[in-house]
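Note that the structure is predicted; figures quoted are calculated from it, not measured. For ligands, and for the atoms within them, numbers begin at 1 and follow the listed sequence.
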Amino acid sequence: MTEITQTDLLSLYPEELAELVVSLGEPKFRAGQIFPALHKGLVPREMTNISKSTAEKLEAAMPTRMPAIEQKLVSQVDGTVKYLFRLHDGECIESVLMRYNHGNTVCVSTQVGCRMGCAFCASTIGGKIRDLSAGEILAQVILASADTGERVSNIVLMGIGEPMDNYENVLRFLRLVNDERGICIGYRHISLSTCGHVDGIRRLMKENLPITLSISLHAASDEARDKIMPINRRWNVSELLAACLDWWHATGRRISFEYTLIDGHNSSPADAAFLAGVLNSALRGKPSRGEKFPIHVNLIPVNPVKETGLMPPNAEKIEAFRAALEKKGIRATVRRKLGPDINASCGQLRRQHKEEKSKN
Ligand code: SAH
């Protein structure tokens, strides 16, 4: 028997759950009844397909640790739902359900806090408290779906935390959420966003999961990127883009680049021309796979976070930036802001909640 390293039922692979069930003196097939029920959001005592004594044994062996909804905000503008979930140890994380024409997307957190230190980001202000288990990441999808009564068709790992800094649990989550006995979301409907953790990118590319990689670039020169994203001092822009090119060669999956526009830092027409030059020369120097690297840049006007004082450029400057990229052959779209009335960008609700709690 392999050793089970997880501490909550939702984190277990089906084989591990089967081992646990057998070790409790139950027939192995019970695991096939329990796994889908867990992934619908039930705890053992709520499952009608197992006996009370099986449920009790299972709960005594390992807790489910389903988070609770601490707070929920629904946008009156576009129906975006933002959740503040309370974990078993009292820590809180955020998740967002966004409604698009092609279905619902849930944005999940991967850590409590973050230690990456990006200058514009609210999630990193208090540092990292701890990693989330695979089950705690999965529970966000399950709860958003159960609460709205709607199917979730896409997932983005763009909430609080750096997914590559919690690699093992994130990988486990990806496999669990893809499992056909559970929620069964195709890898092609999952995007993972990283601040540029090159070791993580190179490791993930070998796992052969056709997910979409999203790179938080935000600046194209090392000088500018060093200032706003400390990870750039560990892996610089050229190392990052070399890893992106290898990712594309290895997986054939496109990469999307996120670029947060911050007034006075990275958003002049000269910054746009420089960005286009860097991307074109790093990624399109030698066409391979019989095609050019499909570069797409998402432009995100920075969401003002009160602690940082950073502001977005005005609409005219944003459009000029986008047009300058297009002129150099780089497709760019300005990200539509969802849930403008509920502060839907991540990290801010958790901070607000912490501040209010510490006042009481
Ligand atoms: N750590 C991962 C994923 C979480 S952040 C990453 O860095 O990619 C998700 C995205 O939101 C990233 O692109 C991040 O740079 C961006 N972001 C963080 N704070 C923001 C803010 N105040 N305004 C706009 N985008 C922000």
Side-chain angles (χ1 to χ4, degrees), residues 82 93-96 98 105-128 131-132 137 140 155-167 169-170 173-174 190-201 204 211-220 224-225 227-232 234-235 237 240 243-244 247 255-263 265-267 296-313 318 321 332-340 343-352:
K82 178 150 195 172
I93 49 159
E94 292 173 34
S95 320
V96 186
M98 295 163 283
T105 296
V106 172
C107 173
V108 295
S109 294
T110 55
Q111 297 178 312
V112 181
C114 183
R115 59 185 184 129
M116 295 296 129
C118 299
F120 43 83
C121 181
S123 302
T124 200
I125 292 171
K128 182 184 100 168
D131 288 331
L132 294 184
I137 307 173
Q140 299 168 54
I155 292 176
V156 293
L157 289 88
M158 292 190 186
I160 297 170
E162 167 52 43
M164 299 298 195
D165 191 40
N166 183 16
Y167 187 91
N169 292 342
V170 164
F173 158 73
L174 293 173
I190 302 178
S191 292
L192 182 148
S193 180
T194 174
C195 63
H197 193 297
V198 168
D199 279 357
I201 296 171
L204 192 59
I211 61 168
T212 301
L213 185 65
S214 191
I215 302 288
S216 299
L217 193 59
H218 306 327
R225 200 163 188 270
K227 277 196 200 134
I228 54 174
M229 302 182 76
I231 189 131
N232 200 67
R234 174 78 173 81
W235 293 288
V237 172
L240 174 57
C244 291
W247 170 280
I255 291 177
S256 75
F257 292 94
E258 310 294 315
Y259 196 98
T260 298
L261 293 165
I262 309 170
D263 201 28
H265 280 261
N266 63 358
S267 52
H296 189 98
V297 177
N298 280 314
L299 297 172
I300 313 155
V302 73
N303 242 298
V305 172
K306 75 173 191 299
E307 289 88 341
T308 69
L310 301 172
M311 296 301 286
I318 294 171
F321 194 95
T333 38
V334 180
R335 196 59 94 64
R336 188 163 62 95
K337 192 171 166 159
L338 289 173
N343 216 350
S345 75
C346 247
Q348 308 202 40
L349 192 58
R350 173 172 168 262
R351 279 202 62 72
Q352 239 172 41

request  = Kindly identify the option in Pro304, Gly159, Ser191 whose heavy atom sits closest to atom 4 (C) of ligand 1.
outcome  =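 Minimum heavy-atom distance to atom 4 (C) of ligand 1 goes to Gly159.
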request  = May I ask which of Ser193, Pro312, Ser109 has a heavy atom nearer to atom 2 (C) of ligand 1 than the others do?
outcome  =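 The residue whose heavy atom sits nearest atom 2 (C) of ligand 1 is Ser193.
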ask   = Hey, is Ser214 one of the residues with a heavy atom under 4.0 angstrom from ligand 1?
value =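 It does not, in that no heavy atom of Ser214 comes within the 4.0 Å cut-off of ligand 1.
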message = Yes or no: does Met229 have any heavy atom under 4.0 Å from an atom of ligand 1?
response =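 Met229 does not count as a contact of ligand 1 under the 4.0 Å cut-off.
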Heavy-atom pairs closer than 4.0 Å: do any link ligand 1 to the side chain of [X], the backbone, both, or neither?
X: Asn303; value: both
X: Thr194; value: backbone
X: Val302; value: both

To the nearest 0.5 Å, tell me how far [X] [atom1] sits from [Y] [atom2].
X: Cys244; Y: Leu213; atom1: SG; atom2: CG; answer: 6.0 Å
X: Met229; Y: Thr260; atom1: CE; atom2: OG1; answer: 8.0 Å
X: His197; Y: Ser216; atom1: NE2; atom2: OG; answer: 13.5 Å

Just which atoms of ligand 1 are under 4.0 Å from any heavy atom in [X]?
X: Cys195; value: 6 (C), 7 (O), 8 (O)
X: Val305; value: 22 (N)
X: Ser216; value: 6 (C), 7 (O), 8 (O), 12 (C), 13 (O), 15 (O)
X: Gly161; value: 1 (N), 2 (C), 3 (C), 4 (C)

task = Run the salt-bridge test on Glu162 and Lys128 with the 4.0 Å N-O cut-off and return the result as yes or no.
result =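 The answer is no: the pair does not qualify as a salt bridge.
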ask   = Is any N or O atom of His218, backbone or side chain, closer than 3.5 Å to an N or O atom of ligand 1?
value =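 Such a contact does occur with ligand 1.
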Geometric N/O contact Pro301 with ligand 1, under 3.5 angstrom =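 N/O-N/O distance below 3.5 Å does not exist for this pair.
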key: Over all atoms of both residues, closest heavy-atom pair of Cys118 and Thr124   =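 Closest approach of Cys118 to Thr124: O-CG2, 3.5 Å.
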task = Let me see the working for Thr194 and Leu204 under side-chain contact (heavy atoms from CB on, under 4.5 Å), right down to the final yes or no.
result = CA-CA 12 Å; Thr194 174; Leu204 192 59; over 6 Å; no
ask   = Side chains of Glu258 and Arg335: closer than 4.5 Å at any heavy-atom pair?
value =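 Glu258 reaches Arg335 side chain to side chain.
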query = Would you say the side-chain atoms of Gln348 pair up with the backbone N or O of Ala122, donor to acceptor, closer than 3.5 Å?
reply =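 Pair absent, no side-chain N/O of Gln348 close to backbone of Ala122.
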